[in-house]
Structures are given as structure tokens and as C-alpha cells.
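Chain naming here is simple, since letters A, B, ... match the order of the sequence lines and numbering starts at 1 in each. FYI, side chains are in, hydrogens and waters are out, and symmetry mates aren't considered; it's all heavy atoms of this structure.
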Protein chains: 2
Amino acid sequence: MEHAPWSQKGHPFAAYWNLGCAEANAAFAHLIKQLLRETRGRCVLQLAGDPSAYVFLPVEGWLMTAKVDPDGARQIVDFALPGDVLDPASASMAYAAADVVTLGRGRLAMIPREGWQRYLVAHPSAAGLFARQSAARYARMAERMLRLGKSSGETRIAYAICELFLRANPFGLVTHTPFHLPVTQQVLGEFVGLSSVHVNRTIRAMARAGVLTYRGQLDVVIHDLPTLAAMAQIDPTELQATIIPSPG
Amino acid sequence: MEHAPWSQKGHPFAAYWNLGCAEANAAFAHLIKQLLRETRGRCVLQLAGDPSAYVFLPVEGWLMTAKVDPDGARQIVDFALPGDVLDPASASMAYAAADVVTLGRGRLAMIPREGWQRYLVAHPSAAGLFARQSAARYARMAERMLRLGKSSGETRIAYAICELFLRANPFGLVTHTPFHLPVTQQVLGEFVGLSSVHVNRTIRAMARAGVLTYRGQLDVVIHDLPTLAAMAQIDPTELQATIIPSPG
DNA sequence: CGGCAGTTTGATGCCCGTCAATAGTGGTGG
DNA sequence: CCACCACTATTGACGGGCATCAAACTGCCG
């Protein structure tokens, strides 16, 4: 994650989106070339209920999809990391089901939906990758709904850390490796359905218990993976197979 | 919902799955003809983590996808109604992300995934309908995650009733029309993340307030739709456009 | 008619939200 | 370079919503 894969020769974005087919890769590069865009801070790219004209591809930095209730409380529905394709369409396809917001600075491509669909039809290997990503998103959301509905705050937070660690780190859940989440405790709370106060108390208790260490704006190091996995009620290997799509 | 659309002439299932193209309809009929199956009671068709070989099409009665945590608590992830296509695959596509369970007696088709995918490739209109259904499922899950994370038990239950009413009733959210949910209070609790005791107290309070009436095994009649919609924090028309895919 | 699954109601306790106040952090401009 | 400010993190006190346990009641099916 240190430098943009963008700078690589040949097919930009190749680290994340490799179809094993030179022509499909070239078509993909052509598709996003003109559509790159820089972002800084937290900025809203799409509002729920507005016309949904674009598919979003983060290249650097994360996006999130969120919904806001009438009281102003926000629930984060999912994150999109580099290599993911985010289509916020609702059942009607013409309007968005959720807000799309950037997290900090980064780079992304916004592709008109028609262009994206033409690309998928023309390149079955891309359609296959997209299908695996959709299945992965479904599996993630199912896993999180289980925690949201039935589990304690501790379990929800431990699970969220495991999920995001797995998604952001190609080596999976490893100990003693620092890793950065571009996420405040407030945002983590909006992800797991807890107040930022309770997130703080819980994560702090985990740190005191020696399970992990962290610094503000969430640079996390896992120390005791078995305990963390037990808190999250997961098997690391199994979870990885369930929620991480195979590339290419 | 009284009699199976199955009994109709021509293309069985036509009431739910009409592609506006005779050939695609015929191919669909051929696809599921041999694969029909009766169900009774609550029976498990697929376990999370097992190989995921089939796509499920309920024809009569409902299915649910659910996940169970180590303590035995169950969270229902989504329901599948007649006309929906349920693919429980996880990121790896080879294994299921969740259990698939029937609710009471009914009829369904189980289609091997390869056959289903060949059908989608051969009939773009079917692929389009499937895409709209996937978007609808995403919108539903997002909407429910918002309630699960941020809302009171009353809001969650009111929302669940509105969602299921909308999905099961082609005329949308209408008052003074009895409608049947094949769901116990226990199951409703597993859907909205509440204990069956609390579901009972809440729904009973709604009945005392004159918002709705119901009888055991949930035959519901809505009396005061504005109040119910306010409890659920929805706009009925908007919600329908968001979570109900257009047929055909 | 007995049994079983579902519904209803009460009593008790705790997890977690809310309010409030303090301390830390980074970014910006003078 | 430092002062300032907005944002974030931390900690305490208090109350309420919901889980849990337990016990009757209902209706249905064999």
C-alpha cells in the first residue's frame, strides 16, 4: 500500500485487477485512464436516493458506503478497498441505495455504468471477477449482520479489525506487523454499531489485555492472534477463504 | 399467493419470472422442469461452509439464509420469496457463506450452478433481471444493517414488517388487508436481532396502540400506515422503489 | 386427551448509550 | 516557530433498553 500501483509500467492498477488476459487488461486500462480523480479529506461522492450514474473503483485509499437515519446517526454498510468495484445501485438500478464517501486522501476512478456494463459483457473474465467480488461482499455483509444482531461489542470490534486486516493485508492475519486503518474510533463505531465512547473503552481493554497495540487514527499491531480470533468468533483461515475474492 | 402459479398454463413460474422473451422463458422452464422439489416443515438445504453446488429458486413458500454463531444464536441474513434467485456462494464460489433453510411447506427448484451460469450467459435479459435482484438484495441488506446498528427494537420490527409486506404483496403497503408471514415471533427475532420475548412485547404494544392487528404465526393487518411508517423510519413509496426489483 | 410448539407476562440485571469534562494531536496561519 | 483551533481520544457517572430466567397460557396435531 505504500506507493500507488498506478505508477507501475504497462497496466496501471495491475496489482489489484489482473484478468490473466492481456486484451482484457488493456481494455480495462483504457476504460479508467480518463476517469482518474484525486480526493482529499472526507468527501461525499454519491448521496443515497440520487441518480446512480457511476461505478466507483478506488485506486488508492478507501471508500465507504453508508446510510444515515432521520436522527442523523450513520451506519457504514461496507468499505471498498483498492481493487474492489463499488456499485451503489438499488433495485431500480437508476438510484443509489447508499451514500458513497471517501476516507482521507486517495485516488479513484468513476466509471459511467453503461461503459462498465459494456466492458463486463465484452470480457467474461472480468465479469467472473466481478461476480466473485459480489459474492465476497455478500459473505462479508452476512458475517457482519451476524455480529451486529447477536454479539457483544467486544466481538463486533474484534471481528471488524480481523476483517479489515485481512482485506488490507495480502499476507492475511499476521501478528507483530503494524498495519494502518484510515479510520477514527468514531468511524469504527459507525461500522460496528457502537458509540465512539464504547469503541474506545473496548479497544483499550483489548490493548491492556495484551491482545493488540494501537495508536490514534488506528495503526494496529496484533500480538495475540488466538485470543483476538476467539473474541471475534472466527477461524482466520476460514474467514479469509469466505470473504476475500481470489484475484485474476 | 393462494395457489401455486405453477398450475398456470404455458410457462410455470411465469407470474414471477417473465423475461418478455418467449425463448428465454422457455429455456427457463426447461431449466427448472426436472429440478422441482417439495418441502415440508423447516428443513436445511445447505450448510454454511459446505460445498455450494446449487442456486435455489423458491416457487411456493419462503426460504431463508442464516448464520449461526458458536453459542448457537442464529441471525437470519435474508429471506428469499417466490421469484427470487438465491445463490449462497461465498468469495470462493465453491463454498456457501450461509445456511439455507425452508420455512414451512412449499416448492422449490435447485439448479446446479454451472447450468444456471450457462443460462445467464445465453440469455442477457435473464442476466439483467438477476443483476437487478442482486442490487435489490444489497439495498435490503443495507437498509437492515442501518436498523440493526442504530435503531430501537420498535423501529427494527416495524421495518421488518414493512419490508416483508412489500415483498410479499404486489400491491405494496396497503392497510386493512390481511397478509400472512410464514414466520414465528422467534424467527422474526432472529431476523431483527431481538429475543422472542422482546419481539412479543413490542408487537403487542403496536397492536394495543391500534397500528396493526395480528394472530399467532403472524397474520398481520395494518391499520395505521403513517404511524407504522414513522416507527420504521421509511417512506413506503421510496422503500418500494429501493428494495423491490422490477420484474421482466 | 396429552404433549408440544408457540405466545404471553413478570422480575431482575447488565451492556451500552448519553452527557460531560479533560487531555492529546495535527494542521494552519501569523 | 509558536499560538491557535478543530478534531480525536480518554475517562467518569448515570440511566434505560433489552437479554435472561421462569412460569403460565394457548392452540394444534396425533
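Between Tyr214(B) and dT8(C) there is a side-chain N or O to OP1 or OP2 distance below 4.0 Å. When the side-chain nitrogen and oxygen atoms of Arg204(B) are compared with OP1 and OP2 of dT7(C), none of them lie within a distance under 4.0 Å. Taking 4.0 angstrom as the limit, Gln185(A) places a side-chain polar atom (N or O) nearer than this to OP1 or OP2 of dT10(D).
Out of dT8(D), dG6(C), dT20(D), the shortest distance to the side chain of Thr184(B) is found at dG6(C). Distances from the side chain of Val197(A) to the nucleotides dC16(C), dA9(D), dG12(D) place dG12(D) closest. Here dT8(C) is the nucleotide among dT8(D), dG10(C), dT8(C) with the atom lying nearest to any side-chain atom of Asn200(B). Taking the side chain of His198(A) as heavy atoms from C-beta on, and the options dT8(D), dC16(C), dC18(D), the nearest nucleotide is dC16(C).
For the pair Glu163(A) and Arg144(A), the salt-bridge criterion is met [side-chain N within less than 4.0 Å of a carboxylate O]. A salt bridge links Glu143(B) and Lys67(A); the closest N-O separation between the charged side-chain nitrogens and carboxylate oxygens is under 4.0 Å.
If you take CZ of Arg40(B) and P of dC29(D), they are 13 Å apart, rounded to a whole angstrom. Distance CZ (Arg42(B)) to P (dA5(C)): 11 Å, rounded to an integer number of Å. Between Arg201(B) atom CZ and dC21(D) atom C1' there is a gap of 11 Å when expressed in whole angstrom units. Rounded to a whole Å, the CG atom of Leu181(B) is 12 Å from the P atom of dT7(C). Atom CG in Leu194(A) sits roughly 17 Å away from atom C1' in dT10(D) (whole-Å rounding). The CD-P distance, from Gln217(B) to dT8(C), rounds to 11 Å in whole Å. Rounded to whole Å, the distance from CD on Gln186(A) to P on dT18(C) is 11 Å. Following rounding to the nearest Å, Arg156(A) (CZ) and dG17(C) (P) show an atom-to-atom distance of 7 Å.
Gly193(A) comes within contact range of the sugar-phosphate backbone alone, with a heavy-atom separation under 4.0 Å but no base atom that close. When heavy atoms are screened at a 4.0 angstrom cut-off, Ser196(A) is found touching no nucleic acid atom at all.
Side-chain contact, Thr175(B) with His223(B): no donor N or O sits under 3.5 Å from an acceptor N or O.
Here the CG atom belonging to Leu194(B) is positioned 11.5 Å from the CD1 atom belonging to Ile203(B), to the nearest 0.5 angstrom.
Taking the ring axis of Phe79(B) as reference, the NZ or CZ atom of Arg167(B) does not stay both within 45° of it and closer than 6.0 Å to the ring centre.
In the interface, the side chain of Arg215(B) is not paired with the base of dG27(D) through any donor and acceptor atom under 3.5 Å apart.
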